[in-house]
Amino acid sequence: MKIVDAKVVVTSPGRNFVTLKLTTDEGLTGLGDATLNGRELAVVSYLADHVVPLLTGLDPHRVEDTWQSLYRGAYWRRGPVTMAAIAAVDVALWDIKAKAAGLPLYQLLGGASRERIGTYGHANGRDIPELLDSVRARLAEGYPAVRIQSGIPGLKAVYGVSDTDESGAPVLHQQARPLVEDWDTAAYLRHVPAVFEAVRAEFGPELPLLHDSHHRLTPVQAARLGKDLETFRPFWLEDCTPAENQEALRLVRRSTTTPLAVGEVFNTVYDYQALITEQLIDYVRSAVTHFGGVTPLRKLFDFAAQYQIKSAIHGPEDISPVGMAAAVHLDLAVHNFGIQEFSGHTPLTDEVFRHAYTFTDGHLHPGEAPGIGVELDEELAAAHPYAPAYLPVNRLHDGTVHDW
């Protein structure tokens, strides 16, 4: 079997998605997700100009060899653009390989390790009463765990919290020009424990509650927040400080027993080495789409398992159903699965990317369709072209650009 065609499809059925489609001489096709939100066209160029010309004539069954060739052969390794492009190729090859076998992908990864995949949903509100209503909505949808994010008194806009315009319509965080959001760390640190206290008072001690700090704290600030939240028993505190400085997590770990989740902006295993071997975190958060595909992410999870660290694949709306499907297959197969983030997609997105995976009673299952179980409607995709969309910029009160 040989690859005879490779093309990149960009579509925006509410969000921008970059998809690689491979076709073989036996008529099998494979899809891979190369979406890098806010920098989509950089990956399109990397794929179309540098990777696609290398794929024609390759044996699609040689998944590992192709991955190593794309990673090592370019000399310039790592980075989100490179790894998103490699991820698209890797997932498309696994899709073809599983289709050729007539099996869903998870069967080629060792078969199911569980019956279904637990998820968490996003609850947010501009104030605590609105947040409580959002938690109720997620529980009504069946989610067994909920991430809670709240507006902060005195701040006009906070990432992760829905806002509305003058007409009452929701304001998307991704805009044609970067949306400027303000930030006050001291106000945030004062407010978050009160948020947890209110949610616990309303919903009790058993509901798993997650929270994301979006990398905005220094190590000392992160340690203080983790300690302040201990009495509320969070499921985890996510991205409490920029983890590229891996030593920072040593200070946080020494100071609190609050579980820590890190890694959605990481691209390779090298970003995790100290964090895993020193057991400084409890969950690894990288996405199939941004980590180079199924091949390296499975290896990361096996590495993490040696230290009792669990998987928690990044799953926002700006990863396409192709990337989500690959994640769900991996979730079902790995032994050290922890939890899966799942925001769902717009109905239009689900029409463009028809998928076999299902969400029922707060749990996902990849389905039994051969491959990853996603089909791309190219005609419908073409009807919704790329639209420029940037992530917001955070600034302090004095105008200084602040971390995510």
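Values below: all heavy atoms of this structure, side chains included; hydrogens, waters and symmetry mates excluded.
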Practice problem: For Asp127, enumerate each residue passing the side-chain contact (heavy atoms from CB on, under 4.5 Å) test, keeping only those at least two apart in sequence or located in another chain. | Solution: Pro129, Glu130
Self-check item: Test of ring centre spacing under 6.0 Å for Phe337 and Tyr283
Solution: no
Quiz prompt | Considering all heavy atoms, the nearest Pro13-Thr349 contact | solution = O-OG1, 3.0 Å
Quiz item: Are Asp377 and Arg354 ion-paired here, with the side-chain N under 4.0 Å from a carboxylate O?
Solution: yes
Practice problem: Check the pair Glu341, Thr119 against side-chain hydrogen bond (donor to acceptor under 3.5 Å, both in side chains), reporting the backbone distance first and the verdict last. | Solution: CA-CA 6 Å; Glu341 179 181 21; Thr119 68; over 6 Å; no
Exercise. Report the residue from Ile309, Thr277, Val284 that forms a side-chain contact (heavy atoms from CB on, under 4.5 Å) with Phe303.
Key: Thr277
Self-check item: Aromatic ring proximity Phe235/Tyr120, centre distance under 6.0 Å
Solution: no
Exercise. Kindly determine whether Thr241 and His215 satisfy side-chain hydrogen bond (donor to acceptor under 3.5 Å, both in side chains), including the steps that lead there.
Key: CA-CA 4 Å; Thr241 191; His215 315 100; over 6 Å; no
Quiz item: Does Arg114 CZ have over 12 foreign heavy atoms under 6.0 Å away?
Solution: yes
Exercise. For Asn124 and Ser134, run side-chain hydrogen bond (donor to acceptor under 3.5 Å, both in side chains): C-alpha distance rounded to whole Å, both residues' side-chain angles, the deciding distance at 0.1 Å, then the answer.
Key: CA-CA 6 Å; Asn124 68 83; Ser134 184; 4.8 Å; no
Quiz prompt | Full working for side-chain hydrogen bond (donor to acceptor under 3.5 Å, both in side chains) between Glu317 and His345 | solution = CA-CA 6 Å; Glu317 293 178 1; His345 292 94; over 6 Å; no
Exercise. Mark yes when over 12 heavy atoms from residues, nucleotides or ligands other than His50 sit less than 6.0 Å from its NE2; otherwise mark no.
Key: yes
Quiz item: Should the pair Glu141-Arg136 be classified as a salt bridge under the 4.0 Å nitrogen-to-oxygen rule?
Solution: no
Exercise. Provide the full list of salt bridge (Lys or Arg N to Asp or Glu O under 4.0 Å) pairs with a residue in residues 97-111, sequence neighbours left out, each pair given once.
Key: Asp95-Lys99, Lys99-Glu375
Quiz item: Given side chains that start at C-beta, do those of Tyr188 and Leu225 come closer than 4.5 Å, heavy atoms only?
Solution: yes
Self-check item: Crowding at CZ, Arg77 (>12 non-hydrogen neighbours, <6.0 Å)
Solution: yes
Quiz prompt | Rounded distance (nearest 0.5 Å) linking atom OG1 of Thr11 with atom CG of Leu380 | solution = 7.0 Å
Quiz prompt | Atom CZ of Arg233: over 12 foreign heavy atoms under 6.0 Å | solution = no
Exercise. Would you check if there is a donor-acceptor pair between the side chains of His122 and Gln149 at a distance under 3.5 Å?
Key: no
Self-check item: Crowding at CG, Asp361 (>12 non-hydrogen neighbours, <6.0 Å)
Solution: no
Practice problem: Using a 4.5 Å cut-off on heavy atoms from C-beta on, say whether the side chain of Val18 contacts that of Val8. | Solution: yes
Practice problem: Assess Arg216 against Trp183: is NZ or CZ under 6.0 Å from the centre of the six-membered ring, and within 45 degrees of the ring's axis? | Solution: yes
Practice problem: Take Asp90 and Met83, measure what side-chain contact (heavy atoms from CB on, under 4.5 Å) needs, and give me the verdict at the end. | Solution: CA-CA 10 Å; Asp90 183 78; Met83 300 312 287; over 6 Å; no
Quiz item: Who are the ring pair (Phe, Tyr, Trp, His ring centres under 6.0 Å) partners of His355, not counting sequence neighbours?
Solution: Tyr357
Practice problem: Establish, from distance only, whether the side-chain atoms of Thr82 and Tyr71 form a donor-acceptor pair under 3.5 Å. | Solution: no
